[in-house]
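A quick write-up on the structure given underneath.
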Number of protein chains: 2
Amino acid sequence: MEKYLTIYHDLVEKINKAHWKDAKMLPSENELALHYEVSRETIRKSLDLLAQNGFIQKVRGKGSVILDSKKFDFPVSGIVSFKELATSLDLQVETIVNELSIVEANEILQSNLGVRAKEPVWKVVRTRKIDNEKVILDKDYFNRDFIPYLTKEVCENSVYEYLENELELPISYARKEIVVEEPTVEDEDLLDLAGHSNMVVIRSMVYLDDTSLFQYTESRHRPDKFKFVDFARRVGN
Amino acid sequence: MEKYLTIYHDLVEKINKAHWKDAKMLPSENELALHYEVSRETIRKSLDLLAQNGFIQKVRGKGSVILDSKKFDFPVSGIVSFKELATSLDLQVETIVNELSIVEANEILQSNLGVRAKEPVWKVVRTRKIDNEKVILDKDYFNRDFIPYLTKEVCENSVYEYLENELELPISYARKEIVVEEPTVEDEDLLDLAGHSNMVVIRSMVYLDDTSLFQYTESRHRPDKFKFVDFARRVGN
DNA sequence: GAGTGGTCTAGACCACAAC
DNA sequence: TTGTGGTCTAGACCACTCC
């Protein structure tokens with residue numbers, strides 16, 4: 001693996017385990033360069049990653065300040081799968097696969113998944129139970145060019161794990177949109193709405209390293225079970 | 001200004017103005033280095049910024065692909081002020097300052113603004129009208145260590161412009177949390193709720209370059225007037 | 001003045017894509 | 001084979017903080 005990534009992961013672990021005790025600062029870039037036996041520019045690449053991901057803040061003339069609140073954050077920022085999220089929260093969760101099929105792309109899918117009219121695509125509909133209540137409805141559409149096979153077992157576990165580990169698909173970036181809408185009949189049918197008259201809807205388009213669009217997802221959350229946390233850095237002016 | 005930032009801004013402009021006509025790719029790093037008369041590493045810093053902000057995607061062995069959908073996005077990602085947002089959307093907007101005062105920090109403010117008990121802080125409450133409907137309620141609290149003076153006129157215009165241009169406060173990063181809650185009596189009092197029984201609440205903590213926390217904001221949106229768009233890049237494994 | 005992070009360079013080698 | 005982006009280096013100079 002690349003040096004700067006190895007060092008980044010090592011530093012993440014040391015920050016999380018409070019390796020430097022109650023230190024509020026990382027060692028200086030020169031010290032780290034000596035310790036890891038790399039050039040200072042390589043250390044700086046690792047530190048840039050730490051900063052982007054909210055672990056540290058670099059202060060000119062002083063050093064790299066360790067940001068402490070990171071670990072208390074709900075990890076929904078960026079591209080995170082439902083399973084990662086649930087396990088990190090220690091919640092009792094369960095996934096119900098309502099549908100796993102191949103459908104012909106309609107107009108919405110043509111533009112959001114970049115496929116031709118009537119081209120067959122994977123459709124997966126899943127209900128997520130948290131603490132025994134059905135509160136999230138996930139509707140995923142995958143481009144079959146990248147995912148030839150898909151099974152109910154994979155959908156019950158984690159599609160992302162399958163994509164990353166088995167198929168080694170290089171997921172790179174995503175566009176996400178969050179709005180509030182009224183429940184559909186499908187929501188009422190498949191979820192425990194408990195009288196709620198709104199749904200938080202997250203629509204995502206997920207891209208691979210080579211900029212090809214391979215997934216479109218609609219994730220519908222009961223509003224009382226929704227929380228989104230974001231860490232944003234002002235970058236470039 | 002730094003070379004890589006100058007080049008970054010130049011490239012942003014050229015991408016937005018489709019300077020390279022219908023080109024789907026940027027010139028290669030070596031070509032750009034020659035053109036701007038800088039080293040390749042400097043060009044790479046500019047391109048990294050473009051990638052982080054969703055303008056391009058770099059593909060190994062091929063080049064830098066220009067991502068086209070950027071310009072259609074609602075610009076609420078990252079740290080954006082209400083005024084930036086409204087003007088970019090060409091909406092008729094108006095700000096009403098309901099309150100501008102100095103209050104003693106309660107427990108919530110102590111932890112969210114990092115001040116001592118009963119320390120005086122700025123409190124600003126503003127109603128935002130979009131197309132003549134009062135749909136957003138913004139409650140801002142500022143640490144007075146960084147903002148000695150604040151006037152109604154500044155609040156009616158843009159506090160952020162004042163902070164960045166007049167006070168030259170180096171805003172650096174923010175933690176943002178989005179949840180859905182029921183309207184408060186204050187919401188009902190100051191907004192046109194039009195029968196909506198939910199509010200989208202965005203709570204933000206804004207930090208300066210030196211990691212000091214200087215602003216805590218609660219922005220309460222009527223759900224039908226809320227939209228959040230996020231561009232997320234998978235970074236560091 | 002000593003130490004810190006911020007920028008910039010010229011050059012090297014690599015993995016990958018296209019021809 | 002040629003060109004692309006990805007990594008890494010050693011060294012330089014700067015602005016800033018702290019003492």
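Every chain is numbered from 1 and lettered A, B, ... according to where its sequence line falls, protein lines coming before strand lines.
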For [N] and [X] - does any side-chain N or O of the residue sit under 4.0 Å from the phosphate oxygens OP1/OP2?
| X | N | answer |
| --- | --- | --- |
| B:K3 | C:dT9 | yes |
| A:R40 | C:dG5 | no |
| A:Y4 | D:dC8 | no |
| A:T42 | D:dT9 | yes |
| A:K58 | C:dG6 | yes |
| B:K62 | D:dG3 | no |

Whether the side chain of B:E2 and the base of D:dC14 hold a donor-acceptor pair under 3.5 Å is what I'd like checked.
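Looking at the base of D:dC14, it does not pair with any donor or acceptor on the side chain of B:E2 (distance under 3.5 Å).
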Using a strict cut-off of less than 4.0 Å between a Lys/Arg side-chain nitrogen and an Asp/Glu carboxylate oxygen, indicate whether B:E218 and B:R220 qualify as a salt bridge.
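Judged by the 4.0 Å cut-off on N to carboxylate O distance, B:E218 and B:R220 do form a salt bridge.
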Run the salt-bridge test on A:D138 and A:R128 with the 4.0 Å N-O cut-off and return the result as yes or no.
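The answer is yes: the pair qualifies as a salt bridge.
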With the side chain of [X] defined as its heavy atoms from C-beta on, choose the nearest nucleotide among [options].
| X | options | value |
| --- | --- | --- |
| A:S28 | D:dG6, D:dT7, C:dT4 | C:dT4 |
| A:S39 | C:dT9, D:dC8, D:dG6 | D:dC8 |
| B:S64 | C:dC8, D:dG5, C:dG6 | D:dG5 |
| A:R60 | C:dG6, D:dT9, C:dT9 | C:dG6 |

